[in-house]
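To find a chain, count down the sequence lines: A is the first, B the second, and so on, and within it residues start at 1. Here the structure is a predicted model, which means the values were calculated and not measured.
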Amino acid sequence: MAVSYREDRMNKILPPSFYRRKTLFVAKNLLGKYLVRKIGKKNIAGKIIEVEAYNGPKDLASHASRGKTKRNEVMFGDPGHWYIYLVYGMHFCLNIVTEKKGYPAAVLIRSVETESGEINGPGRVCRSFKIDLGLNNAKAFGKEAELWIEDRGEKIGKIKRTPRIGVDYAKDYKDKLWRYSR
DNA sequence: AGATTGATCCAT
DNA sequence: TGGATCAATCTG
């Protein structure tokens, strides 16, 4: 039984259940998946090659470590939604919310590989994919999604685990090996 | 190494 | 309400 083009496309989009699991597991398993941005009739896609996990209320590197605020409330919500914020007054950062509602966690998309080359850095990823606060709290699944992640069946090789970038203030959490890259 | 940039957060 | 801070990037 052949599936329609639409069903085939839908089947590759990661469902909320993918994100509902442990944040470190989700982070590692996002490598090799494709970030896809719908702009009008066109899609931009890039293979995810670097991420960071921000894992729970005790993670001092996480925005959520000082409780829920207007900015970070999306992290406390349902998995499979985008958490986007402005850093340094200039750049946007894209995160996908993980784990069950009430447990604040997310994975930051740091770098992708497109057909025209690598895009390194969360600010550059957002600029290239035309991502801003308008997508904050948007769903990363379903037919209305404008931004989602697909499994295209590609395997990733050896995964590197390194400390997260720019979190020197995070005391005993600053050296956690929660940055994953290929 | 230094400048940029402005929303956010918390201590006054 | 003020001022330090910031999950970054660019230029020199």
Item checked: Partner nucleotide of C/dT1 by Watson-Crick or wobble geometry (both distances under 3.5 Å) -> B/dA11

Note to self: I want to check one thing: is the phosphate of C/dA7, taken as OP1 and OP2, less than 4.0 Å away from some side-chain N or O of A/H63?
What the structure shows: yes

Notebook entry, point to check: Of the candidate nucleotides B/dC10, C/dA7, C/dT9, which contains the atom at the shortest distance from the side chain of A/L108?
Noted result: C/dA7

Notebook entry, point to check: Of all the nucleotides listed (B/dT8, C/dC6, C/dC10), which has the minimum atom distance to the side chain of A/Y88?
Noted result: C/dC6

Check: What is the distance from CZ of A/R127 to C1' of C/dT9, rounded to the nearest Å?
Finding: 8 Å

Note to self: Expressed as a whole number of angstroms, how long is the span from A/E73:CD to B/dC9:P?
What the structure shows: 10 Å

Next item on the list: Give the rounded distance in Å between these two atoms: CG of A/L86 and P of C/dA7.
Entry: 11 Å

Next item on the list: Provide, to the nearest angstrom, the distance between the CD1 atom belonging to A/I84 and the P atom belonging to B/dA7.
Entry: 17 Å

Next item on the list: If C/dT9 has a Watson-Crick or G-U wobble mate with both distances under 3.5 Å, name it; if not, just say none.
Entry: B/dA3

Item checked: First encountered from the 5' end of DNA chain B, between A/V87 and A/K70 -> A/V87

Item checked: Residue-phosphate contact under 4.0 Å: A/R179 side-chain N/O, C/dA7 OP1/OP2 -> no

Note to self: Counting only side-chain heavy atoms from C-beta out, which of C/dT9, B/dC9, B/dT5 sits nearest to A/M90?
What the structure shows: B/dT5

Item checked: Length of the CZ-P vector between A/F92 and B/dT5, whole Å -> 15 Å

Note to self: It should be established whether A/Y169 places a side-chain nitrogen or oxygen under 4.0 Å from OP1 or OP2 of nucleotide C/dA7.
What the structure shows: yes

Notebook entry, point to check: Atom NE2 of A/H91 and atom P of C/dC10: how far apart are they, to the nearest Å?
Noted result: 7 Å

Margin query: Main chain of A/S62, side chain of A/S65: is a donor-acceptor contact present, judged purely on distance under 3.5 Å?
Written below: yes

Note to self: Tell me whether A/R21 is salt-bridged to A/E99, with the criterion being a basic N under 4.0 Å from an acidic carboxylate O.
What the structure shows: no

Check: Contact class for A/R164 (heavy atom, under 4.0 Å): base, sugar-phosphate, or nothing?
Finding: nothing

Check: Does C/dA7 have A/Y85 stacked on its base, where the ring centres are within less than 5.5 Å and the planes differ by under 30°?
Finding: no

Check: Separation of A/D168 atom CG from C/dT5 atom C1', in whole Å?
Finding: 14 Å

Checklist line | A/E154/A/R152 ion pair, N-O < 4.0 Å | finding: no

Check: Rounded to the Å, how far apart are A/M75 CE and C/dA7 P?
Finding: 11 Å

Check: Can A/R182 and A/E118 be counted as an ion pair, charged N to O under 4.0 angstrom?
Finding: yes

Notebook entry, point to check: Is A/R164 paired with A/D59 through a side-chain N to carboxylate O contact shorter than 4.0 Å?
Noted result: yes

